[in-house]
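In what follows, every chain begins at residue 1, and chains take the letters A, B, ... in the order their sequences are listed.
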Amino acid sequence: MHTTLVSSLALVAPGTPIRTGDTAWLLVATALVLLMTPALGFFYGGMVRTKNVLNTLMMSFSAMGVVGVAWVLVGYSLAFAPGGKWVGGLDNVFLRGVGLGGGSWGATPHLLYVCYQATFAIITVALISGAVVERMRFGAYLAFMAIWSVVVYAPVAHWVWGGGWLAQLGALDFAGGTVVHVNAGVAALVAATVLGRRKDYGRQALLPHNATYVLLGAGLLWFGWFGFNAGSALAANGTAALAFANTLFAPCATLVVWMLIDLARERRTTAVGAATGIVVGLVAITPAAGFVSPLGALALGAVAAFPSYFAILHRPRTRLDDSLDVFAAHGTGGMVGALLTGVFAQAVWGGTDGLLFGNPSLLAKQALAVLAVAAYSGVATVAILRGLALVVPLRRTATEESLGLDLVEHGEEGYARGEGAVLVLPELVPVGAPAHGDLVSPLSSQGFTSVEEAL
Amino acid sequence: MHTTLVSSLALVAPGTPIRTGDTAWLLVATALVLLMTPALGFFYGGMVRTKNVLNTLMMSFSAMGVVGVAWVLVGYSLAFAPGGKWVGGLDNVFLRGVGLGGGSWGATPHLLYVCYQATFAIITVALISGAVVERMRFGAYLAFMAIWSVVVYAPVAHWVWGGGWLAQLGALDFAGGTVVHVNAGVAALVAATVLGRRKDYGRQALLPHNATYVLLGAGLLWFGWFGFNAGSALAANGTAALAFANTLFAPCATLVVWMLIDLARERRTTAVGAATGIVVGLVAITPAAGFVSPLGALALGAVAAFPSYFAILHRPRTRLDDSLDVFAAHGTGGMVGALLTGVFAQAVWGGTDGLLFGNPSLLAKQALAVLAVAAYSGVATVAILRGLALVVPLRRTATEESLGLDLVEHGEEGYARGEGAVLVLPELVPVGAPAHGDLVSPLSSQGFTSVEEAL
Amino acid sequence: MHTTLVSSLALVAPGTPIRTGDTAWLLVATALVLLMTPALGFFYGGMVRTKNVLNTLMMSFSAMGVVGVAWVLVGYSLAFAPGGKWVGGLDNVFLRGVGLGGGSWGATPHLLYVCYQATFAIITVALISGAVVERMRFGAYLAFMAIWSVVVYAPVAHWVWGGGWLAQLGALDFAGGTVVHVNAGVAALVAATVLGRRKDYGRQALLPHNATYVLLGAGLLWFGWFGFNAGSALAANGTAALAFANTLFAPCATLVVWMLIDLARERRTTAVGAATGIVVGLVAITPAAGFVSPLGALALGAVAAFPSYFAILHRPRTRLDDSLDVFAAHGTGGMVGALLTGVFAQAVWGGTDGLLFGNPSLLAKQALAVLAVAAYSGVATVAILRGLALVVPLRRTATEESLGLDLVEHGEEGYARGEGAVLVLPELVPVGAPAHGDLVSPLSSQGFTSVEEAL
Amino acid sequence: MKLIVAVIRQEKLREVLEALFRAEVRGVTVSGVQGHGGELERVETYRGTRVKMELQEKVRLEIGVSEPFVERTVAAILRSARTGEVGDGKLFVLPLDKVYRIRTGEEDEAAVTPAPVAMDELLGI
Amino acid sequence: MKLIVAVIRQEKLREVLEALFRAEVRGVTVSGVQGHGGELERVETYRGTRVKMELQEKVRLEIGVSEPFVERTVAAILRSARTGEVGDGKLFVLPLDKVYRIRTGEEDEAAVTPAPVAMDELLGI
Amino acid sequence: MKLIVAVIRQEKLREVLEALFRAEVRGVTVSGVQGHGGELERVETYRGTRVKMELQEKVRLEIGVSEPFVERTVAAILRSARTGEVGDGKLFVLPLDKVYRIRTGEEDEAAVTPAPVAMDELLGI
Ligand SMILES: Nc1ncnc2c1ncn2[C@@H]1O[C@H](COP(=O)(O)OP(=O)(O)O)[C@@H](O)[C@H]1O
Ligand SMILES: Nc1ncnc2c1ncn2[C@@H]1O[C@H](COP(=O)(O)OP(=O)(O)O)[C@@H](O)[C@H]1O
Ligand SMILES: Nc1ncnc2c1ncn2[C@@H]1O[C@H](COP(=O)(O)OP(=O)(O)O)[C@@H](O)[C@H]1O
């Protein structure tokens, strides 16, 4: 370890020159994409019940740690190091050979490109959590994230962006419609199925405990998504501007259409719906952002509202407890976006001409890419979860679900009022002893008076 | 439609070369300004009562959809396409002719410039909402936004920034003191008057339900405002740096002075006051940001605290229910800023010399600009609202006000606890039927047991 | 004043040419660092009790005003104007001589560099507030901030970054491990000691009233910290990329290790702990960010978890009411980071070779820098607080602590429900009269009916 | 001694308090509750899931009064809390064995008579 | 007339409400409370400080009923709120001197009988 | 059987609970309420609008006890909740017709006697 460490510490690979303007933008874009993960935490966290808010937030926040480390160690290499059709090589394991010069990705430092891609890996994994909130064991979730990011995310990223078979085929995915959203959406569907429904699902109304957090998350997601899409140009150029404009205008259209459907159906425009509409528009434009015209983006955003709207409407009537509708929003939105890229893309704006411009073959390639990613993600996610289940139970018991995962997994409350809380001095509860039981027997009056007054 | 769409999709207008550094900055600045609208939602949302928090947030969030779409379709063209003294032409309707090259605005892509200006249009309209919260019908508000952004915002932007008569006159408005703040502030004043007071106004204490959101909003607004002001340099140059510094230091001064006035008057420094002080400082420096020295900005910020402070203090003693003091903060702050630009501006820092540097004529032009914008905005806003009122009632009934607009307009609660919530299966409530009535008759025991257990 | 003002307004110092890419990045980085102060407010504000949330937020927000103004007036000059070993000169007092050209700091406008450094001064002072929350008088705090920023922060910044003795010695501090974190951490320790414990400390459980705010703060802090660390390259170059990567990966490692220690000790991973772990990782990498390899950063982040984890665990068992563990997180983290910089730094990545690369002398210099900053900060902070105490009491009484500082200092509640709130017309309460007493005698029925109905 | 418990509409709280003060009832304890009665129910929608809110936000008042005050207290509440729409709430009168003022240990009538000291301060408003 | 006060588990609220409606008790007032009894306590940890939460979240029901309804109301609650684990809660029956329906001023039995008007609307659901 | 209802200061809750446990009263239900009495009122200011807060945050305790426990329970509360300042609150003793322990259906005295099972577990702390 020591020698490896020191030797890899010592290596700074050279590269082509970098450009300050492009680097400035990629620095910011990377920070913006990282911000999306906490933002997602709030988007999701607002939608669960009070007793699970911290657990839901932690599912996003912990992804930054676990997936970040996995990415440095092996994920990046498997996705982007020179390799074959299916997976990258091991040249950049532990970030060996990653320096500060430019390269095939552009005139920006290689290490920064690693960071940029890391933030994509992180958010993709965090997206899945919406399907398993309020019941999955946190330990199992941490293990799942580490494995999935390496076994599923890295290869799929390689297929599309690392020079793998989908790239060679000519399928278009500007910023991750398939790699991120179809991938996470299908994994979410599968995970919800493997985990099973929450005990109260379909019996009780499980309401968003804080709709303002849903909106906060959506606002910050939109902000961060400019880094996601316009950053994917990997330069501060016209393509970045196009991707930016499309990331602004497509969700505008989705939001307007979503509110109109809501109005038509309910005569009321829901706020959680508006937040969802924004996210769906962002998802749908993601694969197309640098390939379609702004007016095309407006049309794409408007059209994309429908499938996800009705998928979300339909889902609660099924047995599928994809609790926060990850599949309906990201899976469906990603698929629609990927397919519509095959319709609206235009060579003159930087893509390949799509259906609307006389080239139906692009649509076929897009469909193939969607299917391939969905199939691999689905199968691999089942395998990972079933494998994990052999080692550790995947979900909490019904009683623990009732107590809420904030208490059970984290030993905290989101909004503690402190009434009736009594300090326990460390000496009273031996370290490690009561532990996960969370519950100790009732306090005698001694318990109360034993609080050491003279600290 | 199909031909128009396809033909405009196909067009990518050429332009002058772009510079990566400038483009990088404008990409970020645009994202920052967009973030200001959700931020404004929280700034406003924290100030209303719990039962109206979602409605207030939605007034900002929906602006991103409605105004964004209107801007693409016609707003941009009316503001910035070559035109006359009063309004721009129709050359860029549907963004026709907008490409990715640079132009008169600078070495940044035209399309990005469209986006940047779109975010200004969005926030300007959203600002007005603070005057009509807790009572305006959401449908009427959506229509109002679409119309106002085209009929009021676009021409006024043309006057000042699109080469219109105020630009020709030589009035200075670096980043929107008149176009954005005077414009929105006066519209707010008028809207509050036309809508009338909330039924509880002046009778009950209408308290901010979450002062922490007010601070959150103020913090994010300040952050985004760097994009607003320093971005208005449209390049990453010395002017941007100057505007940035002034956007940092002027609100520092306003905040300090605001706290001192609070201390002097009440012996306490209110947090909502501090947040307001920050926003007022930001508003006041907006027209001056690229024209005055940093020390001038400090002075301007300090002076600007007074009029708005006392306007806010005075307003609740009047019959005017400009509920969140949009006029006192933005109208007054914008006017003071625009006039003080005529005092502190300096040729050597990039402006025209102002009163303090021997040129009183600038102040006269500034005053004229303020008056013209205020007059047009006032008259046009009245006309739009009165016109709308012929088609749809503008405000909710007293009963609906009591229920709160979250329930009435959006069918949701901001912070749902879920006690006593019962799932209604879609089959039980025919689509469209109960609708806006929001209220159905009480559940019989059948109602309870009819919840389908076996989804 | 008038002449000074005008003359300094008139001066625009020339400078070397600026580069747009570097300027673009520094503009953004400065905005990012400013955002950290509101973020810190939420990180801290979530950890206090409901009745002190506004006061805690205000301790951060007010720093933006007070320290910002002090920085413009004299702070910047004392830190960065040409001077001696110990403190800068007075050449840039009132920002005289600060123009828009580049200089020794890089190819970015001087004025922007002033802003960038201002945001560091602001957050450093705000950090200290965590040690004195829930009891310090706000007026005394405002005065403390103004003095400390000038008397402690400015000289220490000069030592390390302004060409002072530590810079000459060759101690490394990339982005403020000593200047910001050790400095604030030690000041916090001292302030907590001078102020004394909260009356309920060690007697009652003082719980974080909103753990989601702690996570919100941590997420925004991480986002802003990219400006803090990668911005410290003062250019959009390879060093910025390196600092960025290290600021991403080190906290990933800290977060993972923190969760593992939590799991090992409690079988639960706390959310407040995770947020703390992120911040500790960010603190620790700060001095090293541009000097160590990414793998070194990962190691550094992992190691840095331990001292702070156990410091936080230990502190509540002592008499020291450093309420939000500023010393354990920032002081300890900053020291560990500064020392590990002496271990992991590498010439090939831009630093000086450290212990691991055969140069133990760097570690000695780092230790000296830590000691010097800690000593000066400790002594000067005691002196300032004891001096202030002669003029004004530093803390609130026990009764006022019970009432909560939101009410006592700001006359507001964080989350007002408005039940039982009665409007008081200004005429009824003479301005200035009841003031800080906060309490008036009970309402007679007249009181109720005197609410003027016909405003 | 009686304990009067009333469940009223939230928006009537201020009027009821005023009426109580006019009836010279100065001590009252208030809490937020939720009620189910004959009122219409709210329907809310979250992402396509419709829920009926069976419970309405109400306010509960609890007032300990000595016998001579019972009638006027009841009358004051009944008058000021009424809108005539379904959902105005209920008023319960419970027998009370004993009342203590915690501050002084005073019992029964004495316990619910306002402290005279407060009167002086009234002038200071 | 009796006032029935029950402290039950949060998660049982829905079942208890259903049982009450089946027992034709339509009016009820609910509030969130915290209870201490024989239940195990939760331990939470905040930055290394351990705290024991002595109070559990419970729900309190308050129901005014006329004599003939007392027994079935009590039975309905006892049956539907029971899990058999420590912490199921308590039920108190208090004597009631008087009940008023605020809307109409109706007293006692009349005050707690559901308004007939509501029945028609049931069909409209 | 009596139902003891006490309205006390928030900050006294912990002391009162301790006193109750010392008096061997183990079961208690607590809720947050707001009270108006002779206390001074808080003035708050929001953007220049001044408001008087008429209601103070208080805590309400509800304890069902058997006759032999009434006196010591009352004494424990009166002693531990007192500060001597206006605003200490009130204590009401109400007659109780019946108490049930929901878990077992036990009635009256049996219903409010702590379950013996809990005693064993005490050792495990
Ligand atoms: N029997 C009851 N016991 C306790 N509270 C009741 C009872 N009946 C009604 N309430 C309370 O009174 C409120 C209004 O009652 P409701 O029957 O809807 O109106 P009305 O009294 O006007 O017919 C309910 O929301 C509930 O809180
Ligand atoms: N004597 C009492 N007076 C008032 N409330 C009580 C009393 N005893 C218990 N409770 C309430 O009932 C709840 C459950 O009581 P507990 O004694 O734990 O369970 P069980 O009744 O199953 O033995 C407590 O949390 C508390 O709210
Ligand atoms: N008559 C009453 N009925 C119900 N609650 C009361 C009554 N009088 C006072 N209270 C409650 O007791 C609290 C303190 O009462 P107050 O009269 O201010 O103090 P003190 O009892 O010390 O004179 C009040 O806030 C209120 O909650």
Side-chain angles (χ1 to χ4, degrees), chain A residues 5-6 8-10 12 18-21 23-24 27-28 30-31 34-35 38 41-42 45 53-54 57-58 61-62 64-66 68-69 72 94-95 98 100-101 109 111-112 114-115 118 138-139 213 409-418 421-423 426 431-432 435-436 451-453 455, chain C residues 19-22 24-25 28 32 49-50 202-212 215-216 219-220 222-223 226 230 235-238 240-242 244-245 248-249 252-253 255-256 259 263 265-272 274-275 293-296 298-299 317-319 344 346 348-349 356:
Chain A
L5 178 70
V6 172
S8 41
L9 289 172
V12 186
I18 63 169
R19 209 164 19 234
T20 60
T23 302
L27 286 164
V28 181
T30 308
L34 189 76
L35 182 64
F42 279 86
V53 60
L54 293 182
L57 281 163
M58 280 293 280
F61 276 77
S62 63
M64 297 196 285
V66 171
V69 170
V72 168
F94 293 161
L95 301 191
V98 173
L100 301 177
L111 187 59
L112 182 56
V114 172
C115 294
F138 194 65
Y213 279 2
E409 294 289 2
H410 310 290
E412 293 164 299
E413 288 170 70
Y415 316 96
R417 280 177 308 177
V422 178
L423 265 180
V431 169
H436 136 264
V451 176
E452 201 181 54
E453 297 286 347
L455 281 181
Chain C
R19 211 166 15 236
T20 59
D22 293 348
W25 171 231
V28 181
L32 286 170
R49 288 169 291 173
T50 308
R203 297 161 175 276
Q204 285 183 24
L206 307 170
L207 306 184
H209 88 285
N210 190 336
T212 70
L215 287 163
L216 177 66
L220 290 175
W222 199 342
F223 178 60
F226 290 116
N237 57 13
L242 176 64
F244 192 107
L248 176 56
F249 297 130
C252 288
L255 172 55
V256 169
M259 291 196 295
L263 268 178
R265 281 185 39 83
E266 304 261 347
R267 294 201 224 145
R268 301 191 288 199
T269 49
T270 62
V272 173
S293 73
L295 220 57
L298 213 65
R317 295 164 206 199
T318 68
R319 290 164 167 284
F344 286 108
Q346 251 182 297
V348 70
W349 285 99
L356 209 59

Region of [X] that comes under 4.5 Å of a non-hydrogen atom in chain A:
{"X": "C:L215", "result": "both"}
{"X": "C:L298", "result": "side chain"}
{"X": "C:T270", "result": "both"}

Using non-hydrogen atoms only, which part of [X] is less than 4.5 Å away from chain C: side chain, backbone, both, or neither?
{"X": "A:V53", "answer": "side chain"}
{"X": "A:V66", "answer": "both"}
{"X": "A:F138", "answer": "side chain"}
{"X": "A:M64", "answer": "both"}

Those residues that, when tested against A:F42, pass ring-ring contact (aromatic ring centres under 6.0 Å, His included) (two or more places apart) =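 With neighbours one apart ignored, the set is A:Y213.
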ask   = Looking at residues at least two apart in the chain, or sitting in another chain, which of them share a salt bridge (charged side-chain N to carboxylate O under 4.0 Å, His left out) with A:E413?
value =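 Only E:R42 meet the salt bridge (charged side-chain N to carboxylate O under 4.0 Å, His left out) criterion with A:E413.
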Between C:L248, C:T212, C:N210, the one whose heavy-atom pairs under 4.5 Å with chain A are most numerous =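 Looking at each of C:L248, C:T212, C:N210 in turn, C:T212 comes out on top.
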inquiry  = Restricting to non-hydrogen atoms, name the atom on C:L207 and the atom on A:A421 that form the minimum distance, rounded to 0.1 Å.
reply    =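 In this case the closest contact between C:L207 and A:A421 is CD1-CB, 4.0 Å.
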task = From the options A:L35, A:T30, A:L34, select the one residue that forms a side-chain contact (heavy atoms from CB on, under 4.5 Å) with C:F226.
result =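 Answer after filtering A:L35, A:T30, A:L34: A:L34.
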key: Polar side-chain atom of C:D22 near backbone of C:A236 as donor-acceptor pair, under 3.5 Å   =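 Yes, because the side chain of C:D22 sits within donor-acceptor range (under 3.5 Å) of the backbone of C:A236.
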key: Euclidean distance, A:R417 CZ relative to C:R49 CZ, rounded to 0.5 Å   =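 Answer for the CZ-CZ pair, C:R49 versus A:R417, is 15.5 Å.
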